[in-house]
J.: 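To start, I am sharing the structure in question, which I have written as structure tokens.
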There are 2 protein chains.
Amino acid sequence: MTKAEITAPFLKRLKVSTEIDEEDERAIKSLPIVTKQMANGEAIASIGDRPSACCLVIEGFVLRSKIVGVGQRQIMAFHQPGDIPDLQSLFLHVMDHDVSVLGNCVLGFIPHTPLQELIKHRPNIAQALWRDTLTDAAIFREWICNVGQRDATSRVAHLVLELYTRLKAIGRTDGLSFSFPATQALFADAVGTSVVHMNRVVQELRNQGLLEFDRGRISILDETKLRKAADFDALYLHLDPSL
Amino acid sequence: MTKAEITAPFLKRLKVSTEIDEEDERAIKSLPIVTKQMANGEAIASIGDRPSACCLVIEGFVLRSKIVGVGQRQIMAFHQPGDIPDLQSLFLHVMDHDVSVLGNCVLGFIPHTPLQELIKHRPNIAQALWRDTLTDAAIFREWICNVGQRDATSRVAHLVLELYTRLKAIGRTDGLSFSFPATQALFADAVGTSVVHMNRVVQELRNQGLLEFDRGRISILDETKLRKAADFDALYLHLDPSL
DNA sequence: CGAGGTGTTGACAGTTTTCAAGCAGAGTGG
DNA sequence: CCACTCTGCTTGAAAACTGTCAACACCTCG
């Protein structure tokens, strides 16, 4: 993979929100990035770690999770190509949660030191990255609402629409469907329900003709009804309004 | 109020995480801050707004919330003196949630422009503020876990310990108790339960001798048991380890 | 073929919400 | 001082939602 290919989704993302000039772009392309293939479930960083590099998602998905109480897992975020899921480790040195791989994934590891240099000397990039961590936070807030106020059916509908909307913004959807290698158990961990209940919710959404889960592919069948069931408003994603 | 008094909790907070030199301190003290007294429930910023200033909490508490579905409210964060609850509006120009006052409160409003200048020319301060937004995000993540995985009793216990720990870090606790002007309905909105159930949980915690709610004052009666009930680990708060 | 992961189902138990009502205290105005 | 209102807290009973347990079908892979 060339540097251009590696940094492409990342650059595209940054440019949505911020003026990135040629020198910024050169600086990003000259970062020392080590790419690595990783398989489903592999750990990138674990709670208590003190990482010395950040990981850029190039292909595939990454998730952030935490074990709560007696072994239950809560997933707190899904990350897609162009994201840096553990950028926070630059400033919060101890990991307070786990970061791991979903499906097969290509990651680029960027050591903290050159990244810190980049932030110091390229204010545009610093600002874009800061903004990125703020939209992450906005998504966390929406998840609090999701888990706190909506019933299980709405939660799943909402999560699907979020994934769809974010993936569409980076051109990784195929009409109204997209590839997402998650089992029902994983979805259950993300919306805070049991696997059994998750299964019933999936069936209900299927029977009502709203969406279809099929071996790593999610298809939206009736977007209008799904939006209504989900109580979904994309404002919190802070995407480029032109999309 | 003098500038020194206004900025004191804020400066104290920044210094915990970052080297702030004298010039940084001078720059902060010369910010044009307009203070304002506000009363319980007053709105600071609402969803859809495009604020042109950020608000610094000087005395009292501020909360962030969102209306979900048919009028239910989810509280997503509580902020204490030294916090800037809407710092994100510097980079995410449209508010995706509401910010309002809890109890009586003194706020300092700082226009975006001088704040942006400060960030541009004082990298230490920029870094400290960025770090602050990252700890906010860490708290959001923990709230997702709280609402997603714990039962109502643990959730309340967890929230109380979080408030206690954060307030202790800024010296606003009184032994094992602290002042926090929240009704049970407010707590219900924060942990995602109904008011009725919240009341039952409060009584249970009282009966078990874990804590006491009394007109705006919360007292921890048995810290060890409460910690256990809450499944609480302060790691995610990223506080100065010397505290 | 057997093992393990994933999806599915039924019955039952537990938690939480909803509805409806009553109580206590603070503040208001007559 | 006494209604009166308002808000916050409390209680009981029924209904809704969700979790747990146990079992089985299906599929892939070694």
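Bear in mind that the values here come from a model prediction, so they are computed numbers and not experimental data.
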J.: Within the 4.5 Å heavy-atom criterion, are K3(A) and E5(A) side-chain neighbours or not?
T.: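 Answer no - side chains too far apart.
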J.: Take S154(A) and D151(A), measure what side chain to side chain donor-acceptor pair (under 3.5 Å) needs, and give me the verdict at the end.
T.: CA-CA 6 Å; S154(A) 299; D151(A) 66 17; 3.2 Å; yes
J.: Rounded to whole angstrom units, what separation is found between the NE2 atom of H197(B) and the P atom of dA13(D)?
T.: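 In whole Å, dA13(D) P lies 18 Å from H197(B) NE2.
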J.: Heavy atoms under 4.0 Å, any strand shown: does R206(A) hit a base, just sugar-phosphate, or nothing?
T.: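 The answer is sugar-phosphate, as R206(A) gets under 4.0 Å only of primed atoms, P, OP1 or OP2.
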J.: Provide, to the nearest angstrom, the distance between the CZ atom belonging to R217(B) and the P atom belonging to dC9(D).
T.: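 Rounded to whole Å, this separation is 16 Å.
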J.: Nearest to the side chain of V196(B), which nucleotide is it out of dT18(D), dT11(D), dG8(D)?
T.: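 Among the listed nucleotides, the one closest to the side chain of V196(B) is dT11(D).
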J.: Do the rings of F180(A) and F78(A) sit parallel, tilted or perpendicular, given the 30° and 60° boundaries?
T.: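 Geometry flag for F78(A) against F180(A): perpendicular rings.
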J.: Atom CG of D151(B) to atom P of dT17(C): distance rounded to whole Å?
T.: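 Whole-Å distance recorded here is 11 Å.
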J.: Is the number of heavy atoms from other residues, nucleotides or ligands within 6.0 Å of NZ (K225(B)) greater than 12?
T.: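 No, the 6.0 Å shell around NZ holds no more than 12 heavy atoms from other groups.
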J.: Output the single nucleotide from dG19(D), dT17(C), dC9(D) whose closest atom is nearest the side chain of T193(A).
T.: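 When the side chain of T193(A) is considered, dG19(D) is the closest of dG19(D), dT17(C), dC9(D).
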J.: Just to confirm, is there a sub-4.0 Å distance from OP1 or OP2 of dT10(D) to any side-chain nitrogen or oxygen of N199(B)?
T.: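 So the side chain of N199(B) is within the cut-off, an N or O lying under 4.0 Å from OP1 or OP2 of dT10(D).
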J.: What is the distance, rounded to the nearest whole Å, between atom CD of E204(B) and atom P of dC9(D)?
T.: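 It works out to 18 Å between those atoms.
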J.: Please confirm whether any donor atom in the side chain of R200(A) sits under 3.5 Å from an acceptor in the base of dG7(C), or the reverse.
T.: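 Donor-acceptor pair under 3.5 Å: no.
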J.: L186(B) has an atom CG; how far is it from atom P of dT7(D), in whole Å?
T.: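 For the pair L186(B) CG and dT7(D) P, the rounded distance is 15 Å.
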J.: Using a cut-off of 4.0 Å on non-hydrogen atoms, how would the nucleic acid contact of G192(B) be classed: base, sugar-phosphate, or nothing?
T.: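 Sugar-phosphate, backbone atoms only, no base.
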J.: From dC9(D), dT18(D), dA22(D), pick the nucleotide closest to the side chain of Q184(B)?
T.: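 The answer is dC9(D), which lies nearest to the side chain.
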J.: Figure out the CD/P separation between Q203(A) and dT18(D), and round it to whole Å.
T.: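 Distance, rounded to whole Å: 15 Å.
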J.: Taking the side chain of S194(B) as its heavy atoms from C-beta onward, which of dT17(C), dG8(D), dT18(D) lies nearest to it?
T.: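 That would be dT17(C).
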J.: Any side-chain N or O of Q72(A) below 4.0 angstrom from OP1/OP2 of dG19(D)?
T.: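 So the side-chain polar atoms of Q72(A) never come under 4.0 Å of the phosphate oxygens OP1 or OP2 of dG19(D).
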J.: Grab the CD-P distance between Q74(A) and dG19(D) for me, whole Å please.
T.: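 Roughly 11 Å, once rounded to whole Å.
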J.: In whole Å, I'd like the distance from the CG atom of D189(A) to the P atom of dT6(C).
T.: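 Between P of dT6(C) and CG of D189(A): 11 Å.
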J.: Here's a test for you: under side-chain hydrogen bond (donor to acceptor under 3.5 Å, both in side chains), which of E162(B), Q74(B), H158(B) qualifies with W143(B)?
T.: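 Single side-chain hydrogen bond (donor to acceptor under 3.5 Å, both in side chains) partner of W143(B) among E162(B), Q74(B), H158(B): E162(B).
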